[in-house]
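Take a look at the structure set out below.
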Amino acid sequence: DYWVYGIDEEELDYTINLIKGFLGAADESIERHCAAIESGDLDKDAAGEITSDYRYYNWIEKSYLWSFALWRMPGILEAMIVTKFLPANAPKRLIGIKAKIEAMKKAGYSLDPSDEEELLAWSNLRNLFSHLPPEQYRPIHLDEKDSQEYKALVLRICNVWKDDNNQQRQPGSEDRNPTL
C-alpha cells in the first residue's frame, strides 16, 4: 500500500500529458538542431538527409513513448478496479484483466460485450509490450490518438460502473479492497 492519494481517472490524463510534455520538448530540440543544420555550410541535399534522419528517429522515439502510455493506462484501470470498485470481500489476488472483469461481473457490475472485447484487445497489446517488446528502431506505431481512444473507453466503462455502484450501494460498501 504505497499510494498517498490513490489511483483514479485523472491518472489517465496525467500519463497522456506527461508524454505530450516530453514529446513537445523533444520536438523543439530536434527542430532547433535541424534549423541549425539547414542554415549551416552543408549543401541543401546533405542537410536534408541529415535532418530527415533526426526527424525519423524522433518519430520512432515518439512511438515508444506512446507505447509507454498504453502500457501504463491498463494498469491504472486494473488498480481502479481493485481499489475503487470491487467490494472489500472480493478475492485478494486477481491476476490479469480477465480475472478482474469476472470479479466485477460477480460483484454486480455490468460491461457491454463490445467494450469487454475492446478492453481485452488493448490488454493483449499491453501484454505484448511487456513480454515481447518491439525491437530497437522498429516500434509498433502508436500516437496520441491511440492513447485518447483507450482513455475514452476506460472513462466510458468507469462511468457505467459508477452508475452500477450507485444503484447497488449498501451501508458499508464504501470500503474498497486496497490490495493488488
Given 3.5 Å as the limit, does a donor-acceptor pair link the side chain of N17 with the main chain of D13, or not? yes

What are the two closest non-hydrogen atoms of K84 and I7, and how far apart are they? CE-O, 2.7 Å

Tell me whether Y64 shares a hydrophobic cluster with I140, the cluster being built from Ile, Leu, Val, Met, Phe, Trp, Tyr side chains joined at under 4.5 Å. no

Taking a hydrophobic cluster as the set of Ile, Leu, Val, Met, Phe, Trp and Tyr residues connected by side-chain heavy atoms closer than 4.5 Å, whether directly or through intermediates, do I30 and W66 fall within one such cluster? no

Parallel, tilted or perpendicular: rings of W59 and H141 (30°, 60°): parallel

Please name all residues satisfying side chain to side chain donor-acceptor pair (under 3.5 Å) with R72, sequence neighbours left out, ordered by chain then number. E11, T15

Indicate, with yes or no, if L132 and I97 share a hydrophobic cluster defined by side-chain heavy-atom contacts under 4.5 Å among Ile, Leu, Val, Met, Phe, Trp and Tyr. yes

Please walk me through it: do L77 and L119 pass side chain to side chain contact (heavy atoms under 4.5 Å, CB included)? CA-CA 10 Å; L77 174 61; L119 196 57; 3.4 Å; yes

Compare all side-chain heavy atoms of Y54 with those of N58 and state whether any distance is below 4.5 angstrom. no

Quick one, P134 and L128 - any side-chain contact, counting heavy atoms below 4.5 Å? no

Taken to the nearest 0.5 Å, the spacing of F68 CZ from S63 OG works out to 15.5 Å

Check: W122 ring centre within less than 6.0 Å of Y150 ring centre: yes

If I take atom CG from residue D163 and atom SG from residue C158, how far apart are they, to the nearest 0.5 angstrom? 11.5 Å

Look only at the side chain of S29 and the backbone of A25, and say whether a donor-acceptor pair between them is shorter than 3.5 Å. no

With heavy-atom distances below 4.5 Å as the criterion, would you say the side chains of E144 and I19 are in contact? no

Minimum-distance pair of heavy atoms, taken over all atoms of M80 and E9: SD-N, 3.4 Å

Measuring from atom NZ of K106 to atom CD of E102, what distance do you get when rounded to the nearest 0.5 angstrom? 7.0 Å

So CG of L12 and CD of Q148: to nearest 0.5 Å the spacing works out to 9.5 Å

Indicate yes or no: at least one non-hydrogen side-chain atom of F129 is less than 4.5 angstrom from one of L142. yes

Step by step, would you call E116 with M104 a side chain to side chain contact (heavy atoms under 4.5 Å, CB included)? CA-CA 12 Å; E116 181 175 352; M104 289 292 286; over 6 Å; no

On a heavy-atom basis, the closest approach of G96 and E78 is C-OE1, 4.0 Å

Between K62 and D143, does at least one N-O distance fall below 4.0 Å, as a salt bridge requires? no

Is there a side chain to side chain contact (heavy atoms under 4.5 Å, CB included) between K20 and L23? Walk through the geometry before answering. CA-CA 5 Å; K20 287 170 61 174; L23 296 180; 5.7 Å; no

To check you understand the geometry: which heavy-atom pair defines the closest contact between M73 and S147, and what is its length? CE-O, 3.4 Å

Rounded distance (nearest 0.5 Å) linking atom NZ of K151 with atom CD1 of I76: 11.0 Å

Say you draw a straight line from CD of E49 to NZ of K44; how long is it, rounded to the nearest 0.5 Å? 13.5 Å

Is D41 atom CG crowded by more than 12 heavy atoms from other residues, nucleotides or ligands, each under 6.0 Å away? no

Start with the C-alpha gap between L120 and I101, add the side-chain angles, then the distance that decides, and say whether side chain to side chain contact (heavy atoms under 4.5 Å, CB included) holds. CA-CA 10 Å; L120 293 174; I101 288 171; 4.1 Å; yes

Is atom OH of Y57 surrounded by more than 12 heavy atoms (other residues, nucleotides or ligands) closer than 6.0 Å? yes

Is it true that I60 and I50 fall in one hydrophobic cluster, defined by side-chain heavy atoms closer than 4.5 Å? no

So, the side chain of N165 versus the backbone of W161: is there a donor-acceptor pair under 3.5 Å, distance only? no

List the atom of F85, the atom of Y109, and the distance in Å for their closest heavy-atom pair. O-OH, 2.8 Å

Residues A99 and L94: closest non-hydrogen pair is O-CD2, 4.1 Å

